[in-house]
Amino acid sequence: MGDQALPTMDTPHKQAQDECVIRLDGVHKYYHLGDFQVHALRGITLEVCAGEFVAVMGASGSGKSTLMNIIGCLDKPSRGSYFLDGVDVSQMEKTELARLRNRKLGFVFQQFNLLSRTSALENVELPTIYAGITPQERESRAKAALERVGLAQRAHHYPSQLSGGQQQRVAIARALVNRPAILLADEPTGNLDSRTSVEIMDIFQQLNTEEGLTVVIVTHEHDIAQYAKRALEFRDGKLRRDTVIKDRLFACDVLPTLPTLEDEDADDEMTAPPPEAD
Amino acid sequence: MDFWNTLRLALRALARNKLRSSLTMLGIIIGVGAVIAVVSIGQGANELIQEGIQNMGTNVVYIAAGSRRPGGLHMGYGAVKTLTMDDLRAITREVPMIKEAAPGVTSRAQVVYQNQNWNTQVFGTTANYFPIRKWVVMAGTVFSDEEVEAAANVCVIGTTVSRYLFGEEDPIGKQIRIRNLPFRVIGLLESKGQSVMGTDQDDQIIAPYTTVQRKLAGVTWLQMILASAVSPDASIAAMQPITALLRERHRIRQGDEDDFFVRTQSEMADMAAQTQLVMTILLVSVASVSLLVGGIGIMNIMLVSVTERTREIGVRMAVGATETDVQLQFLVEAVTLSMMGGLVGIVVGIGLSFLISNLLTWPTVLSTQAIVLAAFFSVGVGVFFGFYPARKAAQLDPIEALRYE
Ligand SMILES: Nc1ncnc2c1ncn2[C@@H]1O[C@H](COP(=O)(O)OP(=O)(O)OP(=O)(O)O)[C@@H](O)[C@H]1O
Ligand SMILES: [Mg+2]
């Protein structure tokens, strides 16, 4: 994998070799369905360094989500090992994995997965209550995270009162609140229109460049992958291509060129889907 | 996750489905309420009976002619003629636990005052009978030893007799006729009400035993001896020597049945308490069934709740909730449900017991023990029946839970 030189491109303060936050070594994953078995991952060897922005691409069923679940410590490899921050987590206990998910990893899902009868602020606070932080600290962290995604004034709104893009931003704030090392997003823009998708990518890019957060996203759309720094292509459970993104897009440049059908000043109601932006 | 957060979370989850939560609690409410009410009725009845037994006298040892038969009936009341004043003297003399003793001989008789007519029991005894049985004379006096000696026609009457013969009139000093013999009323007893057996203790006339023996019953023996021991323990301890003494005096051979029987007040109190306890345990067990049913209701609702909130559980696990966190969350929810049911049940139970004592005029005594026990039990029910659903939630696979529709 020719990725050693990559992180230095945009994050000059990171030196690659020692800062490898994700390392997969011959990872396999099998699912057993009755007597027949699905081989979802077939020997993945991969390194992701601190400060990288990786887009995982591939056809449906190629194993992207399976990979993300393993990286996210929600699942364990059937074979092979996975080092998170240099520690082999492939054989860890469930409780230890929960702790890792809480402290080191932030998740963003396609379906947002916010708790519906809980305000935005409390949704963001959720990971902190499992982190043993004082209530005051919890609230200030949650507020800061909401502010970071530009939703400070929506703190007391419920998910049903927020647009899809806003809900996803709350979910991002939730993923950030425990200051993780890695942000994982499985098709974060899958349920969003193009403009909102770019807005979400803008947040990811900011977090990546300004805070050096390692970001790994799964996406089907090539133009979304263009906002990352590195693309991984999966096919049939194997990593087929590992490339540096050329002509990388920057959301902050793209956004002004997109038509704004609504006033996106964040206090508008549910955004109606705008026509395709391109 | 800390405890307060868990509790807050549980309260919120329960508040979200108020109707469902209250219906689920109902089983526990009824169970706990019923247990408390039933125990309070049992305790009330017990206290009433114990009070009645206390009222019978001070450390009374009751010796009756006849034999104890199965079912507690004694045969030959009157037919057995062996119990005498000499036995009584021998007992007071030779059994050290016995302080004093009074004889007892009864006869039913028609009593007449002017045109009033009443059929009642005439009890013949000596003056020390009154303190032994804790009878208090409300007006007038009791008869003296001389009057007993002389078989005088004097009597002390109960309030029921007084009411039927004299109405509002003062009975003291009045002449009445008992089986056509003239008697002077010298005392009026304070009312004792019903006995433990349910008979009216105020419906009797007490006269010197000599008078009753010779002039009314026409006998020379006694039907009973009421002895008073120095202490409750002594009364039990006295039973054996009294039995031995009387068997010897009545020349009863080894292996033959006694022609008398001895019973003590403390023994009766114990027996009554036993019976009451058995009754209470029985009723409490029946009431507990409701608690069990309530527990099953909680389990049922918790299982539904776990299924409904599968996705929430997945999210919580994804952001770092451990199995223990999830388990605790649902367990606390179940316990909160059952505990709230328990608390409401306690209030309902107390209210019910007040209602019973006020509307039905049954005596009830609230038992702190029962209340504390019910509270603990309801928590126990929550833990027991909440455990399985909570375990189920904790063992969900986060990936599948997140995918759950
Ligand atoms: N829990 C499971 N049990 C059985 N098979 C599974 C399970 N999860 C995934 N698979 C199988 O593993 C393979 C990879 O699935 P995965 O979800 O990783 O694909 P994907 O690349 O994320 O697809 P998509 O783009 O549609 O989300 C598929 O063939 C899928 O059917
Ligand atoms: Mg997928």
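Chain letters run A, B, ... following the sequence lines, proteins first and then strands; every chain starts at 1.
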Greatest number of heavy atom pairs closer than 4.5 Å to chain B - which of [options]:
options: A/Asn102, A/Leu126, A/Val177; value: A/Asn102
options: A/Leu115, A/Thr128, A/Thr95; value: A/Leu115
options: A/Arg99, A/Glu122, A/Arg174; value: A/Glu122

*Engaged part of B/Glu312 at the chain A interface, taking heavy atoms whose separation is under 4.5 Å*: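 Answer is both: backbone and side chain atoms of B/Glu312 are under 4.5 Å from chain A.
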*With only heavy atoms counted, which part of B/Arg309 is less than 4.5 Å from chain A, the side chain, the backbone, both or neither?*
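The answer is neither part of B/Arg309.
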So which atom in [X] and which in [Y] form the shortest heavy-atom distance, rounded to 0.1 Å?
X: A/Glu52; Y: A/Asn208; answer: O-ND2, 3.2 Å
X: A/Gly72; Y: A/Leu184; answer: CA-CD1, 3.3 Å
X: A/Lys104; Y: A/Pro180; answer: O-CB, 3.3 Å

_List the residues meeting ring-ring contact (aromatic ring centres under 6.0 Å, His included) with A/His39, not counting sequence neighbours, and say none if there are none._
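Here the qualifying residues are A/His28, A/Tyr30.
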_Matching residue for A/Phe53 among A/Val216, A/Thr214, A/Val48, A/Val215 - test: side-chain contact (heavy atoms from CB on, under 4.5 Å)_ =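 In the set A/Val216, A/Thr214, A/Val48, A/Val215, the residue that makes a side-chain contact (heavy atoms from CB on, under 4.5 Å) with A/Phe53 is A/Val215.
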